[in-house]
Asker: 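The following block contains the structure, expressed as structure tokens.
The figures here come from the full heavy-atom set of this structure, side chains too, leaving out hydrogens, waters and symmetry mates. Chain A is the first sequence line, chain B the second, and so forth, proteins listed ahead of strands; every chain is numbered from 1.
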Amino acid sequence: MDEQPRLMHSHTGVGMAGHPGLPQHMQEGTGGTDGDGRKQDIGDILQQIMTITDQSLDEAQARKHALNCHRMKPALFNVLCEIKEKTVLSIRGAQEEEPPDPQLMRLDNMLLAEGVSGPEKGGGSAAAAAAAAASGGVGADNSAEHSDYRAKLSQIRQIYHTELEKYEQACNEFTTHVMNLLREQSRTRPISPKEIERMVNIIHRKFSSIQMQLKQSTCEAVMILRSRFLDARRKRRNFNKQATEILNEYFYSHLSNPYPSEEAKEELAKKCAITVAQVSNWFGNKRIRYKKNIGKFQEEANMYAARTAVNAANASSHGSQANSPSTPNSAGETGSPWLCSRGRRVSLHDPLNVLVK
DNA sequence: CTAGATGATTGGAG
DNA sequence: CTCCAATCATCTAG
């Protein structure tokens, strides 16, 4: 690969530092030549250097070679070294290290916490588990979403790592390229290791700013995924039919006091494959909605009452239909102390009374 | 698309 | 803490 003259030119402007390692010997011209001839030579060389960027690559290459072999080259090189020596002080201290970017650290921490940049497998599932726990103790019933979350997260992680690797590789390639370039240039101009180091730093800074963008967008993606997963309301699923039946069965067979104990709730939760909290929610909703509109639930009440009656009848072997609750209200005939609103007791015997509210 | 159903959340009362 | 009541946000049958 050949260096581009243009690039070399700009580097000459950017980086300047002392150059102890380069040959300092000076041939002091060619001995006895007159001053005019030397001036002429120097003028030629400078002219060639100034115009080298305007030439084609091949031309420039040839010209460069010619310059390298020029008898005045060592002298010119020495002059450059001197100039550099003088200017280096003013440049030093202009840069030097900057503190680690707090935002970058924040992003890194977050990616680590989310299991994106951490260890391969454990991190992801840990984060998913944490998310699941935060969403309010999830049962086995949404394990599908669980794995969905995990799959998406690992997808993000994979993209992240691929991109990161790509950037790193590009960065290394570019750094090598620039190093070669500088090494090549060091034949014609003084370049110190410090200068090279600074160049490398600049490159790394540029690339790490690109990496930061990658990290930022990865964080965003994770946040979106997470919030979707965590917001249970957003992904509300109706309970399956069987679960609803079990809950309704309990509700209507305990219509006079539809407040399952903690143990009962746990039992129901287990049977329905939902959480205790969901059972509580369900009963809370059911009670209030039943109370609000008993008429609407009458049919349902009768159905479940009949079913439990049949079950009871089957269990007791005698098919006595005497107490089959085929008429409305029969389920709540004992009166319902829970159906009292604002301290006022309401009798269930006349459901319409309740509807006044 | 819409109305009603339904699970979850919130704020207040006890 | 539990429960109620209102409300939100989504699901679903039509």
Asker: Whole angstroms only, please: what is the CG-P distance between A:Asn293 and C:dA6?
Answerer: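 Spelled out: CG on A:Asn293 to P on C:dA6 is 14 Å.
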Asker: Using atom CD of A:Glu263 as one end and atom P of C:dT2 as the other, report the distance to the nearest whole Å.
Answerer: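 My rounded result for the distance is 13 Å.
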Asker: Over how many whole Å does the gap from A:Tyr290 atom OH to B:dG7 atom C1' extend?
Answerer: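 It works out to 21 Å between those atoms.
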Asker: Between the protein and nucleotides 2-6 of chain B, which nitrogen or oxygen pairs come in under 3.5 angstrom?
Answerer:
unit_1 : atom_1 : unit_2   : atom_2 : d
B:dT6  : O2     : A:Arg236 : NE     : 3.2
B:dT6  : O2     : A:Arg236 : NH1    : 3.2
B:dT6  : O2     : A:Arg236 : NH2    : 2.8

Asker: Could you state the CG-C1' distance from A:Asn281 to B:dG11, rounded to the nearest angstrom?
Answerer: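 Going from A:Asn281 (CG) to B:dG11 (C1'), I get 15 Å.
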Asker: I need the NZ-P distance between A:Lys265 and C:dT2, as an integer number of Å.
Answerer: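 It is 6 Å, rounded to the nearest whole Å.
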Asker: Touch check for A:Phe283, heavy atoms < 4.0 angstrom, all strands: base, sugar-phosphate only, or nothing?
Answerer: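 Nothing, no nucleic acid heavy atom in range.
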Asker: Quick test of your reading: applying salt bridge (Lys or Arg N to Asp or Glu O under 4.0 Å), list the pairs with at least one residue in residues 266-278 of chain A, sequence neighbours left out, ordered by first then second residue.
Answerer: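 Non-adjacent pairs meeting salt bridge (Lys or Arg N to Asp or Glu O under 4.0 Å): zero.
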Asker: Starting at the 5' end of DNA chain C, which residue's closest nucleotide do you reach first, A:Glu262 or A:Asn285?
Answerer: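 Closer to the 5' end of DNA chain C: A:Glu262.
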Asker: Quick one: ring-ring contact (aromatic ring centres under 6.0 Å, His included) partners of A:Tyr304, sequence neighbours excluded?
Answerer: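 ring-ring contact (aromatic ring centres under 6.0 Å, His included) check on A:Tyr304 returns A:Tyr252.
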Asker: For A:Leu111 and A:Cys219, what are the C-alpha separation, side-chain angles and deciding distance, and is it a side chain to side chain contact (heavy atoms under 4.5 Å, CB included)?
Answerer: CA-CA 7 Å; A:Leu111 288 173; A:Cys219 273; 3.8 Å; yes
Asker: Using only heavy-atom distances, determine whether the side chains of A:Asn180 and A:Arg183 contain a donor-acceptor pair under 3.5 Å.
Answerer: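 The answer is yes; a qualifying pair exists.
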Asker: State plainly whether the residues A:Lys166 and A:Glu163 are in salt-bridge range, i.e. N to O under 4.0 Å.
Answerer: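 Salt bridge flag = yes for A:Glu163 with A:Lys166.
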Asker: Any ion pair linking A:Arg189 and A:Glu184 (charged N to carboxylate O, less than 4.0 Å)?
Answerer: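 The answer is no: the pair does not qualify as a salt bridge.
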